[in-house]
Amino acid sequence: MLSRASKYAILSTLYLAEHASKEKKMSVKKIADAIDVPSPFLAKLFQQLVHAKIISSVKGPNGGFYITKKNGDKTVCDIIENIDGLHKLNECFLGLNECDGENPCPVHFIVEPFKRSILGKFRDKTILEFSKEVADNGRFLTLKHLDLD
């Protein structure tokens, strides 16, 4: 349902919300290393996210990226809309060109409630609320440094 770009943008924005502030900015490289995504790709995504005022940045030796309260009031839906457009969430699960309630694919009525639920959660929770939920529940935004053996 989501492109890799949207997934990286969501993951990196949530990581920023949890680990960065105006006083503690982070570089793209540090974030990319922490969440195990390609740094050049993340840099391009961050340009879009800064332009859309979803994240903030400061240039220079003490520069970097961070989330303000105003940025944090944006939603995951805002991220997806900026990177992919919301049409991605409305595409047919099986990839058919024509799929809706009038002309459903074989799994349309199974998948549609799930898609509506996800979209609702992405619209109703702010980035800061998602980030707090991740931290409060002891979840990790990367599996990179975990010993899974």
Side-chain angles (χ1 to χ4, degrees), residues 1-21 25-57 64-149:
M1 263 175 39
L2 296 176
S3 70
R4 185 177 339 160
S6 275
K7 291 175 188 177
Y8 287 171
I10 293 166
L11 184 62
S12 60
T13 301
L14 292 175
Y15 188 86
L16 266 179
E18 187 175 344
H19 295 92
S21 66
K25 298 166 195 75
M26 298 185 81
S27 70
V28 168
K29 180 165 179 19
K30 186 171 183 176
I31 297 161
D33 287 347
I35 60 175
D36 202 20
V37 301
S39 186
F41 190 54
L42 189 59
K44 288 182 180 185
L45 291 175
F46 273 18
Q47 287 177 348
Q48 285 180 256
L49 295 174
V50 167
H51 186 262
K53 296 182 176 27
I54 293 170
I55 64 174
S56 293
S57 70
F65 296 90
Y66 61 99
I67 300 274
T68 65
K69 169 75 172 105
K70 192 171 182 175
N71 300 137
D73 287 340
K74 300 272 186 173
T75 66
V76 172
C77 232
D78 293 324
I79 298 170
I80 297 166
E81 185 172 20
N82 184 264
I83 301 298
D84 284 337
L86 291 181
H87 68 279
K88 272 296 219 192
L89 292 174
N90 295 319
E91 288 179 352
C92 174
F93 188 76
L94 297 180
L96 301 179
N97 287 335
E98 291 187 33
C99 175
D100 56 31
E102 300 284 319
N103 187 27
C105 74
V107 297
H108 179 81
F109 294 110
I110 295 168
V111 175
E112 193 61 26
F114 167 74
K115 286 173 31 177
R116 268 197 313 271
S117 174
I118 286 269
L119 189 56
K121 285 180 177 33
F122 284 170
R123 277 193 179 127
D124 294 344
K125 276 192 184 173
T126 67
I127 291 166
L128 290 177
E129 289 169 337
F130 262 106
S131 174
K132 183 175 178 348
E133 186 177 292
V134 167
D136 288 351
N137 290 308
R139 296 187 184 123
F140 296 96
L141 293 171
T142 181
L143 300 178
K144 183 177 178 183
H145 302 292
L146 292 180
D147 182 16
L148 299 174
D149 293 332

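Along the sequence shown, residues are numbered consecutively beginning with 1. Since the model is a prediction, treat every value here as computed from it, not as a measurement.
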Please list, one pair per line, the donor and acceptor atoms closer than 3.5 Å that link side chains of residues 101-124 to other protein atoms, with sequence neighbours excluded.
{"residue": "K115", "atom": "NZ", "partner": "E91", "partner atom": "O", "Å": "2.7"}

At their closest point, which heavy atom of I31 faces which heavy atom of S12, and how far apart are they?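 Scanning both residues completely, I find the closest heavy atoms to be CG2-CB, 4.1 Å.
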To the nearest 0.5 Å, how far apart are [atom1] in [X] and [atom2] in [Y]?
X	Y	atom1	atom2	value
L14	L128	CG	CG	9.5 Å
E18	L16	CD	CG	10.5 Å
I55	I127	CD1	CD1	9.5 Å

Would you give me the side-chain donor-acceptor pairs under 3.5 Å for residues 66-74, sequence neighbours excluded?
{"residue": "T68", "atom": "OG1", "partner": "K70", "partner atom": "N", "Å": "3.4"}
{"residue": "T68", "atom": "OG1", "partner": "N71", "partner atom": "N", "Å": "3.0"}
{"residue": "T68", "atom": "OG1", "partner": "N71", "partner atom": "OD1", "Å": "2.9"}
{"residue": "K69", "atom": "NZ", "partner": "D73", "partner atom": "OD1", "Å": "2.8"}
{"residue": "K69", "atom": "NZ", "partner": "D73", "partner atom": "OD2", "Å": "3.3"}
{"residue": "N71", "atom": "OD1", "partner": "S56", "partner atom": "OG", "Å": "2.7"}
{"residue": "N71", "atom": "OD1", "partner": "T68", "partner atom": "N", "Å": "2.8"}
{"residue": "N71", "atom": "ND2", "partner": "K53", "partner atom": "O", "Å": "2.9"}

With sequence neighbours excluded, what pairs up with S6 under the side chain to side chain contact (heavy atoms under 4.5 Å, CB included) test?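 Listed in chain order: L2, S3, I80, I83, D84.
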Non-neighbouring partners of K30 that pass side chain to side chain donor-acceptor pair (under 3.5 Å), sequence neighbours left out: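 Testing K30 for side chain to side chain donor-acceptor pair (under 3.5 Å), a comparison that skips the adjacent residues, returns none.
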Taking only residues two or more places apart in sequence or in another chain, which ones pass side chain to side chain donor-acceptor pair (under 3.5 Å) with S131?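 S131 satisfies side chain to side chain donor-acceptor pair (under 3.5 Å) with no other residue.
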Quiz: residues 37-50 side-chain donor-acceptor pairs under 3.5 angstrom, not counting sequence neighbours:
{"residue": "Q48", "atom": "NE2", "partner": "N82", "partner atom": "O", "Å": "3.4"}

Using the salt bridge (charged side-chain N to carboxylate O under 4.0 Å, His left out) criterion, which residues pair with K7? Sequence neighbours excluded.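 In terms of salt bridge (charged side-chain N to carboxylate O under 4.0 Å, His left out), with neighbours along the sequence ignored, K7 is linked to no residue.
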Take atom NZ of K25 as the centre, draw a 6.0 Å sphere, and report whether it contains more than 12 heavy atoms from other residues, nucleotides or ligands.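 Result for NZ/K25: enclosed.
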